[in-house]
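Read through the structure below, which is laid out as structure tokens, and then see the notes.
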Amino acid sequence: MREPTFPDLRSFLDQLRRDRDLVEITAEVDPRLEAAEIHRRVIAAGGPALLFTNVRGADFPLATNLYGTPRRAALAFGRRPQQLIARLAQLAQEILPPTPAKLWGARDLAGEALRVGLKRRRSGPVTEIVTRDVRLDRLPAMTCWPEDGGPFLTLPLVYTEHPDGHGHNLGMYRIQIHDEKTTGIHWQIGKGGGYHYAVAEARDAALPATIFLGGPPGLTLAAIAPLPENLPELLLASLIAGERLAMVRGSGAPGGRDLVAGAEFALVGKVPPRLRRPEGPFGDHYGYYSLRHDYPVFEVEWMARRRDAIFPATVVGKPRQEDFFLGDLLQDLLSPLFPLVMPAVESLWSYGETGYHSLAAAVVRERYGREAMTSAFRILGEGQLALTKFLFVTDGKVDLRDFPALLTHILERTHPETDLFVFANLAMDTLDYTGPEVNRGSKGVWLGLGPAVRELPREFRPATAPPIDAHDVRVFSPGCLVVGGPPYAADREAAARFAAHPAFAGWPLVVLTDEPRRAAASPMNFLWTTFTRFEPAADLHAAATRVTRNHLARTPPVLIDARKKPWYPEELFADAATAATVERRWREYFPDGGVEMGDSALAHLDPPR
């Protein structure tokens with residue numbers, strides 16, 4: 001039986017209705033804080049997609065939690081794209097040198113290739129209504145967290161073209177609504193749309209841009225895919241959909257722009273040069289606020305939309321949210337390609353629990369001594385992987401998704417004196433505030449190669465008492481301790497002091513934290529509380545450190561100082577009034593019952609134990 005495909009958002013919603021995996025909320029809901037808190041409560045409990053049909057002050061219904069379970073994410077994109085990409089990767093490895101027999105064996109891909117691309121139309125559903133009377137304030141855009149700077153478009157598909165015709169970019173960058181006709185556009189470093197804008201701005205020219213909302217689910221996945229620069233995202237969307245992507249061009253589209261025919265909305269306009277406005281704060285996918293900074297401004301000149309348009313949105317925050325399920329699915333989709341572009345890399349995984357850029361791990365081939373570092377440099381120089389903050393590398397057979405197993409494998413084999421590398425004064429993800437300033441920070445690479453060289457301790461039985469200000473020492477995994485200590489603001493030197501204390505000798509890794517019970521409660525908790533709260537160059541310590549051949553050789557234990565620093569943004573929590581409102585009105589939202597109310601403060605994190 002052929003699996004369903006979805007040419008637009010509403011066909012996907014129809015399937016969710018048939019599956020009883022969509023609930024309509026007809027009670028009036030405020031887009032400021034209330035709708036987002038309902039969403040968070042539902043996704044925390046693994047609940048259904050939501051369609052809000054009565055959003056206060058808005059002219060359109062609001063759809064959220066579309067991809068908020070593994071089942072829905074898999075349904076939206078299907079097995080076919082993963083099978084096709086795996087087949088393409090296999091063919092690339094097997095077809096050279098080409099022979100008639102090999103080419104005949106690849107004939108199955110010819111039909112697939114004919115279905116990939118764009119098809120032009122004079123009109124489409126997105127141009128049912130086209131107007132210059134743009135009223136962004138009538139969209140059901142949510143303000144998700146109490147300190148957010150305003151309402152945001154959170155599933156925008158931002159389309160730009162290189163000013164010199166060198167391809168297009170479709171990216172997802174958060175969009176803060178400033179007023180009826182203007183928004184911010186959060187182009188972080190390393191993003192394709194930002195590169196296009198830099199070229200235009202250098203010429204004192206505005207960059208044309210279009211923001212799509214809705215359309216085929218494949219557009220969403222293509223927009224967040226870490227594709228090499230100038231590889232067309234629209235073609236990936238077509239490949240995912242299994243058919244050519246319909247585009248409206250020419251007189252049927254405002255300004256002569258190319259529009260995705262099946263989109264719900266298209267906001268058509270330009271980004272002027274050298275114009276900036278404050279953007280943010282915004283509760284982000286790291287689980288903290290990103291702060292207020294100046295960003296370019298998008299001026300909307302036209303709005304095109306369906307007559308009965310549906311507004312899609314999501315909410316990000318502490319793991320796991322919708323972006324986690326999409327990110328993991330995307331890694332599965334693209335994993336067959338990693339060995340093609342990085343031949344010595346056998347497998348690679350970035351951890352969504354850390355916001356993806358904070359931590360990755362790789363299994364590589366070690367065909368000669370220290371080749372693993374060649375692979376590490378290759379990973380850290382590849383597209384969006386270049387924003388990875390910390391990377392574990394091994395040549396052993398280990399399931400990278402099983403983080404405790406990976407950490408145990410590394411700690412059994414590592415020689416920290418020669419296997420732990422820190423590179424300071426580098427670029428860092430814009431949303432990571434652990435560095436000395438925005439977009440600046442450091443990276444770490446930790447190798448664990450070859451056979452095991454030590455047996456790891458599994459119980460904490462110190463020969464001497466721990467430091468008097470250490471508390472609640474817990475074993476996270478073999479060889480790794482989680483230790484509570486004084487707040488960073490009260491004693492910033494505690495990390496170096498703890499690392500050198502004899503009570504922790506014999507443990508390769510110690511994590512100093514403000515919340516030991518929370519950090520050690522589960523692998524997800526450990527990943528989130530550790531790797532989103534430390535910067536390698538500032539927060540790695542050791543029992544002893546010496547300079548050898550201009551390399552800092554660290555004698556274990558290695559200590560990660562994962563305490564919150566005074567300049568870190570605040571963790572995300574709903575305000576008490578909104579939480580109380582949602583709890584009180586839960587039966588109004590779901591009069592038929594059957595929708596569990598989860599804990600938005602925890603999300604999918606485990607409670608402290």
Side-chain angles (χ1 to χ4, degrees), residues 16 21-25 27-52 55-56 61-73 140-155 174 281-290 311-328 352-353 355 431 518 522 524-525 528-529 532 569-590 593-607:
L16 295 182
D21 205 7
L22 173 70
V23 173
E24 293 190 14
I25 298 177
E28 186 183 61
V29 169
D30 194 332
R32 186 180 187 281
L33 304 179
E34 185 181 10
E37 178 66 1
I38 297 168
H39 168 109
R40 287 191 293 267
R41 299 285 183 124
V42 171
I43 197 172
L50 302 174
L51 183 63
F52 299 88
V55 182
R56 184 178 303 161
L62 165 68
T64 78
N65 201 23
L66 299 170
Y67 315 112
T69 64
R71 190 201 80 86
R72 285 202 298 278
M142 293 185 290
T143 301
C144 297
W145 298 98
E147 300 302 319
D148 279 4
F152 284 80
L153 312 183
T154 52
L155 280 179
R174 74 180 193 231
F282 179 73
D284 227 312
H285 72 285
Y286 279 96
Y288 314 93
Y289 286 100
S290 58
F311 182 90
T314 189
V315 180
V316 292
K318 286 174 284 195
R320 300 170 173 154
Q321 304 295 332
E322 280 184 272
D323 60 314
F324 178 94
F325 300 108
L326 290 176
D328 279 9
E353 298 90 344
L431 305 178
R518 188 187 197 191
S522 68
M524 186 186 302
N525 287 34
W528 183 67
T529 60
T532 64
E570 291 296 319
E571 182 180 335
L572 298 175
F573 291 101
D575 65 290
T578 299
T581 295
V582 169
E583 290 174 5
R584 175 176 52 81
R585 297 191 66 198
W586 196 256
R587 288 180 179 269
E588 289 183 60
Y589 309 141
F590 307 107
V595 179
E596 183 182 350
M597 180 167 58
D599 187 334
S600 71
L602 280 176
H604 282 89
L605 295 167
D606 287 289

If every non-hydrogen atom of [X] is compared with every non-hydrogen atom of [Y], which pair is closest and at what distance?
X      : Y      : value
Val29  : Ile25  : CG2-CG2, 4.1 Å
Val55  : Pro140 : CG1-CB, 3.8 Å
Thr578 : Asp575 : OG1-OD1, 2.7 Å

According to side-chain hydrogen bond (donor to acceptor under 3.5 Å, both in side chains), who are the partners of [X], at least two apart in sequence or on a separate chain?
X      : result
Glu37  : Arg40, Arg41, Ser600
Glu570 : none
Ser290 : Arg174, Asp284
Thr529 : none

Legend entry - salt bridge (Lys or Arg N to Asp or Glu O under 4.0 Å) involving Asp148 - partner list, sequence neighbours excluded: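 Asp148 satisfies salt bridge (Lys or Arg N to Asp or Glu O under 4.0 Å) with no other residue.
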Inset, instruction - Could you tell me which residues satisfy salt bridge (Lys or Arg N to Asp or Glu O under 4.0 Å) with Asp30, sequence neighbours excluded, listed by chain and number? - result: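 Expected list: Arg56.
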Legend entry - For Asp323, side chain to side chain contact (heavy atoms under 4.5 Å, CB included) partners two or more places apart: His285, Val316, Gln321
Inset, instruction - Please identify each residue that fulfils side chain to side chain contact (heavy atoms under 4.5 Å, CB included) with Pro281, with sequence neighbours left out. - result: Tyr289, Arg292
[X] versus [Y]: any side-chain heavy-atom pair under 4.5 Å?
X      : Y      : answer
Leu605 : Glu353 : no
Trp528 : Arg518 : yes
Leu153 : Phe311 : yes
Thr154 : Val315 : no
Val42  : Val595 : yes
Ile38  : Phe590 : yes
Leu62  : Pro31  : no

Inset, instruction - State whether the side chain of Glu322 and the backbone N or O of Thr314 hold a donor-acceptor pair below 3.5 Å, judged by distance alone. - result: no
Inset, instruction - Please confirm whether the backbone N or O of Ala580 pairs with a side-chain atom of Arg585, one donor and one acceptor, at under 3.5 Å? - result: no
Legend entry - Lys318 to Tyr288, cation-pi by 6.0 Å centre distance and 45° axis angle: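 Cation-pi check for Lys318 and Tyr288: fails.
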Inset, instruction - Would you please test Met524 and Arg320 for side-chain contact (heavy atoms from CB on, under 4.5 Å) and show each step? - result: CA-CA 9 Å; Met524 186 186 302; Arg320 300 170 173 154; 3.0 Å; yes
Legend entry - Modelled atom types, side-chain donor and acceptor of Glu34 and Tyr589, under 3.5 Å: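 Result is yes, a qualifying pair exists.
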Please name all residues satisfying ring pair (Phe, Tyr, Trp, His ring centres under 6.0 Å) with [X], sequence neighbours left out, ordered by chain then number.
X      : result
Phe324 : none
Trp145 : none
Phe325 : none
Phe152 : Phe282

Inset, instruction - Report the C-alpha separation of Trp586 and Glu588 in whole Å, then their side-chain angles, then the decisive distance to 0.1 Å, and conclude whether the side-chain contact (heavy atoms from CB on, under 4.5 Å) test is met. - result: CA-CA 5 Å; Trp586 196 256; Glu588 289 183 60; over 6 Å; no
Legend entry - Spacing of Ile43 atom CD1 and Leu50 atom CG [to the nearest 0.5 Å]: 9.5 Å
Inset, instruction - Determine, stepwise, if the pair Arg71 / Asp21 fulfils salt bridge (Lys or Arg N to Asp or Glu O under 4.0 Å). - result: CA-CA 10 Å; Arg71 190 201 80 86; Asp21 205 7; 3.0 Å; yes
